[in-house]
Protein chains: 2
Amino acid sequence: MTPSTGRAGVSGAPRSVDVARLAGVSQKTVSRVFNDEAYVSAEVRKRVLDAADELGYRLNHAARALASGRTRSIGVVTLGTALYGPASLLIGVERAARDTGYALRVVNTLEGDPGGVGGAIDSLLKQGVDGIVISEPIDEEGDGGAVPADVRVPVLVLGAPVATTGPGTVAAGVGADLLARAATEHLLDLGHRTVHHLAGPQRWYAARDRLRGWREALEARGCDEPSVVEGDWSAASGYAAGRELAADPAVTAVFAANDDMAIGLMRALTEAGRTVPDDVSVVGFDDIPVAAFVTPPLTTVRQPFDAVAQEGLRLLVHAIEKPEADLPPANDPPVELVLRASTAPAPSRTDPGGVRRSATRPRRGAKAAPPNGGPSDRS
Amino acid sequence: MTPSTGRAGVSGAPRSVDVARLAGVSQKTVSRVFNDEAYVSAEVRKRVLDAADELGYRLNHAARALASGRTRSIGVVTLGTALYGPASLLIGVERAARDTGYALRVVNTLEGDPGGVGGAIDSLLKQGVDGIVISEPIDEEGDGGAVPADVRVPVLVLGAPVATTGPGTVAAGVGADLLARAATEHLLDLGHRTVHHLAGPQRWYAARDRLRGWREALEARGCDEPSVVEGDWSAASGYAAGRELAADPAVTAVFAANDDMAIGLMRALTEAGRTVPDDVSVVGFDDIPVAAFVTPPLTTVRQPFDAVAQEGLRLLVHAIEKPEADLPPANDPPVELVLRASTAPAPSRTDPGGVRRSATRPRRGAKAAPPNGGPSDRS
DNA sequence: CTGAAAGCGCTAACAT
DNA sequence: ATGTTAGCGCTTTCAG
């Protein structure tokens, strides 16, 4: 055997030397062209590109990563659920990554999985990523959403407080607490004496934020704080909670931490003979696509997932590419309270109150229109 | 400068030589340990592992890929939507890949994007993947879901016919047509004279399959085939279609190609004064989590996304690792028709018929129970 | 503006 | 059961 034949060269894929040979330039020049480096004459560049095209040349990322120490890829740690929120965030992240020229490596942490986030990050690090995004983390066993200490790449946390460790940990996501607050205030503005909360699982930071926002709104208005019912995001859990709440005549307004639970809740209420919104008003969270079409159409808070992902990635890429520079200022994405037909003024009861019944019109950036082609507002 | 200091070694991350030195063995032995090769004494193995642990050593995948020509990662081409189907499939694929020891690279093809699937595949190939899965492809501009000719790795197509090119193209996914057929037959069994179809966008293979299944069921029973209304999977499009259908008194049963559209449809029907299921029966497709909790709870077809993904990956990994061997036999995942409250016997009309009204009990593997904790069947 | 040489961290083949 | 050597395909110095 002649020592000249490379072993893996058998795979047959053309390499940059092949392109170089065909174009009559050095291998380095090919490299320059494919890295958009300056100082390559237009003519040479074209010759190289043509040669590459003819050969069907594709740059080998593994070799590039090995030589350069950079991979131009970003790892995403996400939950293995089809929940609208996490799924939408993932899509937003992928798009934003592509726009900035990064590829995506994805690892799911199945809920309650040993090693959880730490293990996922470790596996991403082995695979080689320039940055990591942790989407909608949950607080497993009080690990504080911990990021292992020896992560040497920037980390972006989406939808949770920065559980800092490592050099450049950044965070993005509208404070869900503000949104929750707006939702609760909307209900209060309608004259309800207080608002019940159907919370998400409290291991999720997202769920905690919403609880906090609700609580703050009640406090600010001096309202009683009813005990919280906790669900697991599913419509089934919302349904179960609804059966409880339906039995309590004091319940006239409920803020659910997501739309699925709100839908289950409404179903239970209706079955129990309590009309929505006449007897009980309900507000959801997320604005899932069917929210406008359930009965009654659901008033809810729209989360700008795409904007959050985009903004987060901007920060992350900045941290990757300019580690020394300060972070650019955060752009807070727009938030929206979408008013539909599941909320109404508090039912008049034995109680003469109503003093606080201020106005029915939306507060904050609220908008009243249903999605295009949507159903009429009142069922 | 001494020539001994490697350039990128500055990054500080420990390499396998460092581990070898600390463990007092050769570098190759470290490699053996991390590849679970035979012929390493238990004692040496432990020493190596301990040393690696102490150093915080992490294998460098880029180097491994370059040297071995294999990446142990799989690329996924998926649509950038939060639709329940594609999202669920992606999760299933991730889990199955992890179980078989492969990492995931994800690329979305934004709908109607130039280059589409071809471009996505190309980018995955550059990044280096041992196999590719194309999830729920759509037929862009009659490209036949084309896979570029020079793909040198096995391809798995999920939810579409094998658009063959390349060596090992495999496919998985229950024939959605069978499921659609079962749904249609269920309606026919309830005594409806025929069944209308609210189809998905026909560029999607998944939508075409469902249409075909519906058509076959009608043909088999000699029923009229009403004209098809096409939606875009969204509840909004279902709502729009529902307004049309509501105006036609001949419509007593509709099979919608997914649950979102079914929900929009029911909403429109209800608003138009046509009660579901008394006046019109509706069947959806997917069994999205809220399906059991809308009003009325939706009868639908459950797709075993997880099983499909798992089965598909089994095939793909087989094609990757044993290119010569025959494909193992396909295991068809279980299918289910989930009966809830959106379907009922055809309303008795001027028409005396009813001869065909055979039975109300489910056909095929149908089951009647709502999900646990679900609402009662009749609203 | 272009090229030559060295080496990224690992695995493959061939010794022992 | 373990070590030696060569090289995967690229980027990075450094020289022209």
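Quick note on labels: first sequence line is chain A, next is B, and so on, each numbered from 1. This is a predicted model, so every value here is computed, not measured.
- Contact annotation: B:S31 reaches the phosphate of C:dT11 (side-chain N/O to OP1 or OP2, under 4.0 Å).
- Rounded to whole Å, atom C1' of C:dC10 lies 11 Å from atom NE2 of B:H61.
- Taking side-chain N and O atoms only, A:S41 has a distance below 4.0 Å to OP1 or OP2 of C:dT2.
- Comparing atom distances between the B:N60 side chain and each of D:dC10, C:dG9, D:dT2 picks out C:dG9 as nearest.
- Judged by distance alone, with hydrogens and angles left aside, B:R58 brings no side-chain donor or acceptor close enough to the base of C:dG9 to form a pair under 3.5 Å.
- One can find a donor-acceptor pair under 3.5 Å joining the base of C:dA12 and the side-chain atoms of B:K28.
- Rounded to an integer number of Å, the gap from B:R47 CZ to D:dA1 P is 15 Å.
- Nucleotide C:dG7 holds its P atom 17 Å from the CD atom of B:Q27, rounded to whole Å.
- Put simply, B:T29 has a side-chain N or O that comes within less than 4.0 Å of OP1 or OP2 on D:dG3.
- For the contact set between residues 124-132 of chain A and DNA chain C, defined by any heavy atom under 4.0 Å, there are no members.
- Using a 4.0 Å heavy-atom criterion, one finds that A:Y57 contacts the sugar-phosphate atoms exclusively.
- For B:L59, the listed nucleotide lying nearest its side chain is C:dC10; candidates were D:dC8, C:dC10, C:dT2.
- Counting only heavy atoms from C-beta outward, the side chains of A:V44 and A:V25 approach each other to under 4.5 Å.
- Among the candidates B:V155, B:L124, B:V133, B:V106, the single residue satisfying the side chain to side chain contact (heavy atoms under 4.5 Å, CB included) test with B:V77 is B:L124.
- For B:D50, the salt bridge (charged side-chain N to carboxylate O under 4.0 Å, His left out) criterion is met by B:K46, not counting sequence neighbours.
- One end of the helix from C:dC1-D:dG16 to C:dT16-D:dA1 points its axis 20° away from the other end's axis, with each axis taken from 5 pairs and the angle rounded to 10°.
- The distance between atom CZ of A:R32 and atom P of C:dC1, rounded to the nearest whole Å, is 11 Å.
- Residues B:V157 and B:T169 come closest through the heavy atom pair CG2-CG2, 4.2 Å.
- For A:L315, the side chain to side chain contact (heavy atoms under 4.5 Å, CB included) partners at least two apart in sequence or on another chain are A:V170, A:E311, A:P328.
- Nearest heavy-atom pair, A:A52 versus A:F34, reported as atom, atom and distance to 0.1 Å: CB-CZ, 3.7 Å.
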Identify all side-chain donor-acceptor contacts of residues 88-96 of chain A below 3.5 Å with residues at least two apart in sequence or on another chain.
unit_1, atom_1, unit_2, atom_2, d
A:S88, OG, A:Y84, O, 2.7
A:E94, OE1, B:N108, ND2, 3.4
A:E94, OE2, B:N108, N, 2.9

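- Between A:S16 and D:dC10 there is a side-chain polar atom (N or O) within less than 4.0 angstrom of OP1 or OP2.
- Across the protein-nucleic acid pair, A:R15 atom CZ and D:dT11 atom C1' stand 16 Å apart, rounded to whole Å.
- B:L66 has its CG atom 10 Å from the C1' atom of C:dT11, to the nearest Å.
- In terms of position along DNA chain C, the nucleotide closest to B:A62 lies nearer the 5' end than the nucleotide closest to the other residue of the pair B:A62 and B:E37.
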A:E37 vs A:K28, test: side-chain contact (heavy atoms from CB on, under 4.5 Å). Steps then yes/no.
CA-CA 11 Å; A:E37 280 175 36; A:K28 172 65 215 185; 4.0 Å; yes

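- Applying the 4.0 Å criterion to OP1 and OP2 of C:dG3, one finds that A:S26 has a side-chain N or O inside that range.
- Between B:R64 and C:dC10 there is no side-chain polar atom (N or O) within less than 4.0 angstrom of OP1 or OP2.
- OP1 or OP2 of D:dT11 has at least one side-chain nitrogen or oxygen of A:N35 nearer than 4.0 Å.
- Straight-line distance from the CZ atom of A:F34 to the C1' atom of D:dG9: 13 Å, rounded to whole Å.
- The salt bridge (charged side-chain N to carboxylate O under 4.0 Å, His left out) test applied to B:D130 returns B:R70, not counting sequence neighbours.
- Remark: the backbone N or O of A:A23 is paired with a side-chain donor or acceptor of A:R47 at under 3.5 angstrom.
- Rounded to whole Å, the distance from OH on B:Y39 to P on C:dA13 is 16 Å.
- Residues B:S73 and A:R105 approach most closely at CB-NH1, 3.9 Å, considering heavy atoms.
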